[in-house]
Amino acid sequence: MVHRFSTRLLNVCIGSLFKAHKLEKAESVIINGIRLGVLPDVVTYNISIDAYCCFGIDAGYAILHQMREADVTLDIISYNSLIASTTRNHQIDRSFDLFDEMIQRGIAPDVWSYNILMHDLFKLGKPDLANRIFKDIIIADYSPSIATFNIMMNGLCKNGYTNNAFMLFRNLQHHGFVPELLTYNILVSGLCKIGRLRSARRVLKEIVESSHVPNAITYTTLLKCFFRKKKSEERIELLLEMKSKRYTFDGFAYCTVIGALIKIGKVKQVTEFMVDMTEIGIELDIVSYNTLINFYCKTGESEKAYKLLDEIEKKGLECDKYTHTIMIDGLCRAGNIKGAAQHLKYMNMMGFDSNLVAYNCLVDGLCKVVQIDDAIKVYKSMEVRDSFTYSFLVYSLCRDKRYHFVAKLLLSCLRSGMKILKSAQRAVLLCLRYSGFPGEAKRLKSKIRIARILNH
DNA sequence: ATAGGGTTAG
């Protein structure tokens with residue numbers, strides 16, 4: 001009895017140590033426990049799996065081996081934790097292997113396992129398969145949890161079936177299903193994504209009527225949608241509503257609002273919100289810093305931007321690829337192309353997973369100061385390109401009257417299956433037509449058509 | 001475990 005109590009105490013202890021990211025401390029507590037005769041049980045190991053999975057599946061999987069060596073029997077929770085972490089670690093394909101392995105070991109999946117599996121299938125863009133599992137759960141009466149329904153509705157929304165999600169929601173309600181705030185937020189987000197603002201607003205009303213209190217997530221989702229839709233009156237109305245309920249106005253909301261206001265050039269309002277944010281005492285994270293640095297880059301206050309960079313370092317935060325990209329874009333805007341190129345080099349040295357946007361900013365910057373040959377040089381050195389890269393180049397090549405080169409570039413872009421703005425395509429055709437090459441324009445047009453058909 | 005935030009063109 002004493003023993004069991006000690007192990008429970010051990011578990012509580014290492015649980016909070018892991019939560020505080022004190023891995024080594026947790027490890028030493030486990031080892032000391034063993035020395036004192038307090039043996040870890042399956043719960044101890046499951047907590048460890050959860051903690052180690054943030055370093056990848058293999059780190060979590062290693063705990064399974066430890067369990068086998070310690071002769072502790074794996075249970076369904078061990079596997080569910082592992083399978084759930086495949087989604088977070090972008091290794092969804094491995095979740096199916098783990099599922100097989102689990103069944104082979106004679107561990108029967110529970111509702112959680114099926115929930116995770118559904119979620120993975122939706123994430124992989126396979127709503128049909130997810131739907132089949134959902135039906136199985138219902139038919140076999142696996143006692144679906146509220147998460148089952150939430151995952152189902154969210155997955156439908158994310159895969160372009162928002163209307164079906166809504167139908168499911170009404171159907172469930174009809175059968176006595178009581179939605180939680182999360183359920184409502186999923187629907188609001190789904191409706192916003194397909195631009196059905198009015199329905200989204202109606203759901204907001206329903207939330208209040210059902211005596212739930214909408215939270216910051218509800219509001220930021222709606223607000224982002226309003227900003228995208230350029231509905232200025234509703235935007236202001238909603239902003240006021242958000243501000244009047246201060247407690248729902250968190251760092252996420254501030255970043256959304258400030259980011260959107262920067263985009264539409266409302267400098268004065270941005271400043272007000274920035275003052276507000278610091279007065280409320282919101283702890284700035286790297287995303288907030290990026291937002292603020294972007295603001296100072298856009299207003300040309302580079303000293304302030306650099307000051308924030310110092311602050312990031314002092315706080316022990318780490319600049320991410322967004323910070324660097326924003327700086328590169330800012331340097332270009334300030335006319336310091338050399339500095340931007342240097343910063344990009346530095347960024348490459350640091351080894352970020354993607355520097356495509358930063359390259360695009362440099363190409364755009366070079367185009368804007370009409371150093372088109374340099375822009376082409378950078379373009380040629382890029383390993384990955386997207387429609388932005390091509391758009392920047394196409395427009396400035398047209399302006400520079402390099403018709404044949406731009407025609408070639410446009411075709412290679414389309415042939416590689418890349419989408420490019422229709423207006424950029426039109427620009428090239430118009431250029432050719434009105435510069436004495438109507439025949440060439442015609443030929444290019446049919447080539448574009450063929451490339452489009454081949455890509456479909 | 002399932003909902004929300006930051007960069008690039010037009």
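Chain letters run A, B, ... following the sequence lines, proteins first and then strands; every chain starts at 1. Everything quoted here is computed from the prediction, not taken from an experiment. Hydrogens, waters and symmetry mates are skipped; everything else that's a heavy atom, side chains included, is used.
- Going from atom NZ of A:Lys298 over to atom P of B:dA9 covers 8 Å, rounded to whole Å.
- For A:Asn154, the listed nucleotide lying nearest its side chain is B:dT2; candidates were B:dT2, B:dG10, B:dG4.
- Nearest to the side chain of A:Leu421, among B:dG5, B:dG10, B:dA1, sits B:dG10.
- Atoms CZ (A:Phe352) and P (B:dT7) sit 17 Å apart, rounded to a whole Å.
- For B:dT8, the OP1/OP2 oxygens have no side-chain nitrogen or oxygen of A:Lys368 closer than 4.0 Å.
- Here A:Lys263 does not reach the OP1 or OP2 of B:dG10: none of its side-chain N or O atoms lies under 4.0 Å away.
- Looking at heavy-atom distances under 4.0 Å, A:Asp320 makes contact with a base.
- The main-chain N or O of A:Gly300 is never found under 3.5 Å from a side-chain atom of A:Arg333 such that the two would form a donor-acceptor pair.
- Nearest nucleotide to the A:Phe252 side chain, out of B:dT7, B:dG5, B:dA1: B:dG5.
- Closest to the side chain of A:Ser391, from the set B:dT7, B:dA9, B:dA1, is B:dA9.
- Rounded to whole Å, atom C1' of B:dA3 lies 14 Å from atom CZ of A:Phe169.
- Nucleotide B:dG4 holds its C1' atom 13 Å from the CD1 atom of A:Ile207, rounded to whole Å.
- Side-chain N/O atoms of A:Lys193 include one lying less than 4.0 angstrom from OP1 or OP2 on B:dG4.
- Within the 4.0 angstrom heavy-atom criterion, base atoms lie near A:Asp285.
- Between A:Asn185 and the phosphate of B:dG4, there is no side-chain N or O to OP1/OP2 separation shorter than 4.0 Å.
- Side-chain atoms of A:Leu182 lie closest to B:dT2 of the nucleotides B:dT2, B:dA1, B:dT7.
- The existence of a salt bridge linking A:Asp128 and A:Arg132 is excluded, since no basic side-chain nitrogen approaches an acidic carboxylate oxygen closer than 4.0 Å.
- Ring centers of A:Tyr390 and A:Tyr379: under 6.0 Å apart, within the cut-off.
- For A:Leu362 and B:dT7, the CG to P distance is 19 Å, given to the nearest whole Å.
- Under a 4.0 Å N-O distance rule, the pair A:Lys307/A:Glu303 does not qualify as a salt bridge.
- Residue A:Lys224 places at least one side-chain N or O under 4.0 Å from the OP1 or OP2 atom of B:dG5.
- A distance cut-off of 5.5 Å between ring centres, combined with a plane angle under 30°, leaves A:Phe392 outside any stacking arrangement with the base of B:dA9.
- With respect to the salt-bridge test (charged N to carboxylate O, under 4.0 angstrom), the residues A:Lys315 and A:Glu283 qualify.
- Atoms CD1 (A:Ile217) and P (B:dT2) sit 11 Å apart, rounded to a whole Å.
- The base of B:dG4 is paired with the side chain of A:Asp250 by a donor and an acceptor separated by under 3.5 Å.
- Counting non-hydrogen atoms under 4.0 angstrom, A:Asn294 reaches the backbone sugars and phosphates but no base.
- Evaluated for a salt bridge (Lys or Arg N to Asp or Glu O under 4.0 Å) with A:Arg94, the options A:Asp100, A:Asp120, A:Asp58 yield exactly one hit, A:Asp58.
- In this structure, the nucleotide among B:dT2, B:dA1, B:dG4 sitting nearest to the side chain of A:Ala216 is B:dG4.
- Here A:Tyr322 does not lie in a stacked arrangement on the base of B:dT7, lacking the combination of planes under 30° and ring centres under 5.5 Å apart.
- Listed nucleotides: B:dT2, B:dT7, B:dA1. Nearest to the side chain of A:Asn115: B:dA1.
- Here the C1' atom of nucleotide B:dT7 and the NE2 atom of A:His343 are 12 Å apart, to the nearest Å.
- Residue-level contact check: A:Leu181 touches neither bases nor backbone, having no heavy atom under 4.0 Å from any strand.
- Regarding A:Met418, its CE atom lies at a distance of 20 Å from the P atom of B:dT8, rounded to whole Å.
- Within a 6.0 Å radius of CD in A:Glu383, other residues, nucleotides and ligands contribute 12 heavy atoms or fewer.
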